[in-house]
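Written out below as structure tokens is the structure these notes cover.
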Amino acid sequence: MDALITNAAEPGKGAGAGSSGWFEPHTPPDGPRPHHEGDGAAAPSRPVRPIRPVGTGAGRNGDPGPALPRPGPAQDAAGARHHPEPPSQQPPPRAEVRPRPRQPSSDAQLIRRTMEEVAPVADKTTSYFYALLFIRHPELRELFPAAMDAQRDRLLKALLTAAEHIDDAEILTEYLSHLGRGHRKYGTRPEHYPAVGECLIGALTRYASAVWNDEVEGAWVRAYTAISQIMIDAAAADEKHAPPWWQAEVVSHEPRTSDIAVVSVRPDQPYPFLAGQYTTLETPWWPRVWRHYSFASAPRSDGLLVFHVKAVPAGWVSGALVHRARPGDVLRLGPPGGSMVVDHSADNGLLCLGGGTGIAPIKALVEDVAQHGRRRAMDVFYGARSDHDLYDLDTLLGLARSHPWLSVRPVVSHGRGEGGLHGPLPEIVQQYGPWPEYDAYLSGPPGMIRSGVDTLVRGGMPSQRIRHDLIEELVAAGP
């Protein structure tokens, strides 16, 4: 039920993919904020057309369940990307930065007009949505964390993204399929989707009254039903070969700095993933609060999974993992996701930018290339604020000594830094360019990814050769 886009919840997820948008029942930001009560849950000012389940759909345990109308051919084609095999056997599709359609569809124009109307009253709109949801469907409240304040920001961001990019069916379908699979760990069922859609329409009806009419409502119903069906289908397909979550025991906890720890866990059953991907993680201290973290190694023969975690101010999950977790503690993991994986059939060099704990998936990619035994040029730029923050530099330099095709350059923004590289990471990378025969991989804070993509594109690198998992930025990029 998450909708479209992620925003970075905390920098522990190196690739920048954070908690999600439209209806994310379990992921407030990593820290408490003031709770805004909104203005109650009075009935909408005009009747709302319900989003009714139509046709057939797969419920849990194979039982027939309600489903929404199936998407059109373009979305069906993209939706066919559901994994028939574990992701370690079938890499996810490549996520590309592609231009948005030049001529928005009529539905997209109506949705954008709605969002312009509700933007000044965004907090009231989202507060009203949740009030409607919990009053009309109180059974859904248990799916959510106790602290609901952060849902408002996340919901608005997702709605705005939908308004701007509703026509980009391919990239939204790819991401929504991942969300549908991931929502199995929440206990999400097909019959929950119409309830969410009904209350979303109810909130928009109330706060976009100046522009709301049957035509606008129809556009929102069509968009939401297509989104819902993609997620329902993905969850049903995933249920055939994967559990909804994995239990994972902490087997080692290594502090690297006062606020960074390397945490290794052993899942209770095989966990298939690809180097460069990430997962969602729940701790026993914050039930129903999930965070995204990249795998810091390629798949290992011993089955261990490694994460680099930085505790952020007021960070619930990150603080617990850095300062509280110890061997023997049991975490829960969602399914793997992300498309920042290496195409081993290509011959291009690999340009990797890792900022802070964003170096975690970059290190996994280095190991992955080494395991495949191909001598491809690989240039890694490891950025941090100071030398002290280059917590994994010795490991990377050791890999570079073992593999002559690998180059590692540390870059610091404050101080001279080891090797004399000082300044913003993307600017340093540009100085070493151009990179005509390279594919780029970016992982780190959202601002670094954003500026890195801009710098590489300005330097002549085609956008389709730039990979990262900051989905919010992927769909927002235009010509």
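We count residues from 1, following the sequence as given.
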* Kindly indicate, with the supporting measurements, whether the criterion side-chain contact (heavy atoms from CB on, under 4.5 Å) is fulfilled by Trp316 and Trp285. => CA-CA 9 Å; Trp316 299 352; Trp285 305 286; over 6 Å; no

* Using side chain to side chain donor-acceptor pair (under 3.5 Å) as the criterion, list what pairs up with Gln269, not counting sequence neighbours. => none

Is the backbone N or O of [Y] less than 3.5 Å from a side-chain atom of [X], with the two atoms forming a donor-acceptor pair by type?
{"X": "Gln277", "Y": "Leu274", "value": "yes"}
{"X": "Trp405", "Y": "Ala400", "value": "no"}
{"X": "Ser297", "Y": "Ala364", "value": "no"}
{"X": "Arg465", "Y": "Tyr438", "value": "yes"}
{"X": "His323", "Y": "Ala320", "value": "no"}
{"X": "Tyr382", "Y": "Asp392", "value": "yes"}
{"X": "Thr279", "Y": "Gly334", "value": "yes"}
{"X": "Lys240", "Y": "Ala237", "value": "no"}
{"X": "His253", "Y": "Val262", "value": "no"}
{"X": "Asp329", "Y": "Arg326", "value": "yes"}

* To do: Classify the angle between the aromatic ring planes of His308 and Tyr391 as parallel (below 30°), tilted (30 to 60°) or perpendicular (above 60°).
  => perpendicular

Looking at side-chain heavy atoms only, is the closest gap between [X] and [Y] below 4.5 Å?
{"X": "Trp220", "Y": "Thr114", "answer": "yes"}
{"X": "Asp379", "Y": "Tyr432", "answer": "no"}
{"X": "Leu442", "Y": "Val453", "answer": "yes"}
{"X": "Arg181", "Y": "Ser177", "answer": "yes"}
{"X": "Pro104", "Y": "Arg112", "answer": "yes"}
{"X": "Val380", "Y": "Arg409", "answer": "no"}
{"X": "Val408", "Y": "Leu399", "answer": "no"}
{"X": "Ile466", "Y": "Val457", "answer": "yes"}

* Write out all pairs satisfying ring pair (Phe, Tyr, Trp, His ring centres under 6.0 Å) with one or both partners inside residues 329-364, taking only residues at least two apart or from two chains. => His344-His372

* Identify, with sequence neighbours excluded, every residue that meets side-chain contact (heavy atoms from CB on, under 4.5 Å) alongside Ser386. => His388, Asp389

* Listed by chain and number, what are the side-chain contact (heavy atoms from CB on, under 4.5 Å) partners of Asp394, not counting sequence neighbours? -> none

Spatial distance of atom [atom1] ([X]) from atom [atom2] ([Y]) [nearest 0.5 Å]:
{"X": "Trp246", "Y": "Asp268", "atom1": "CH2", "atom2": "CG", "value": "9.5 Å"}
{"X": "Ile232", "Y": "Ile227", "atom1": "CD1", "atom2": "CD1", "value": "12.0 Å"}
{"X": "Ser443", "Y": "Ile359", "atom1": "OG", "atom2": "CD1", "value": "7.5 Å"}
{"X": "Ser294", "Y": "Met340", "atom1": "OG", "atom2": "CE", "value": "6.0 Å"}
{"X": "Thr455", "Y": "Met448", "atom1": "OG1", "atom2": "CE", "value": "10.0 Å"}
{"X": "Leu351", "Y": "Asp439", "atom1": "CG", "atom2": "CG", "value": "9.5 Å"}

Locate the shortest heavy-atom distance separating [X] from [Y]; write the atom from each residue and the value.
{"X": "Ala298", "Y": "Gln371", "value": "CB-NE2, 3.7 Å"}
{"X": "Val309", "Y": "Thr357", "value": "C-CG2, 4.5 Å"}
{"X": "Val411", "Y": "Gly423", "value": "CG1-O, 3.5 Å"}
{"X": "Leu390", "Y": "Pro410", "value": "CD1-CB, 3.7 Å"}
{"X": "Ser339", "Y": "Arg467", "value": "O-NH1, 3.8 Å"}
{"X": "Gly444", "Y": "Ile449", "value": "O-CD1, 3.5 Å"}

* Asked: Restricting to pairs with a member in residues 273-285, which pass salt bridge (charged side-chain N to carboxylate O under 4.0 Å, His left out), not counting sequence neighbours?
  -> Glu282-Arg332

* To do: If a pair satisfies salt bridge (charged side-chain N to carboxylate O under 4.0 Å, His left out) and one of its residues is in residues 426-437, list it, with sequence neighbours excluded.
  => none

Under a 3.5 Å threshold, yes or no: a donor from one side chain and an acceptor from the other, between [X] and [Y]?
{"X": "Tyr293", "Y": "Ser318", "result": "no"}
{"X": "Ser451", "Y": "Asp454", "result": "no"}
{"X": "Asp343", "Y": "Ser345", "result": "yes"}
{"X": "Lys363", "Y": "Thr395", "result": "no"}

* Check ion pair Asp347-Arg376 (N to O, under 4.0 angstrom) -> no

* Is it true that Tyr278 and Phe273 have ring centroids separated by less than 6.0 Å? -> no

* Give a yes or no on whether the ring-centroid distance for Phe295 and Phe307 is below 6.0 angstrom. => yes

* Decide yes or no on side-chain contact (heavy atoms from CB on, under 4.5 Å) for Leu321 and Leu281, but give the supporting numbers first. => CA-CA 10 Å; Leu321 289 173; Leu281 186 153; 3.9 Å; yes

* Asked: Yes or no on side-chain contact (heavy atoms from CB on, under 4.5 Å) for Val412 and Asp387, after CA distance, side-chain angles and deciding distance?
  -> CA-CA 7 Å; Val412 298; Asp387 287 343; 3.5 Å; yes

* Check the pair Val341, Asp368 against side-chain contact (heavy atoms from CB on, under 4.5 Å), reporting the backbone distance first and the verdict last. => CA-CA 9 Å; Val341 299; Asp368 186 40; over 6 Å; no

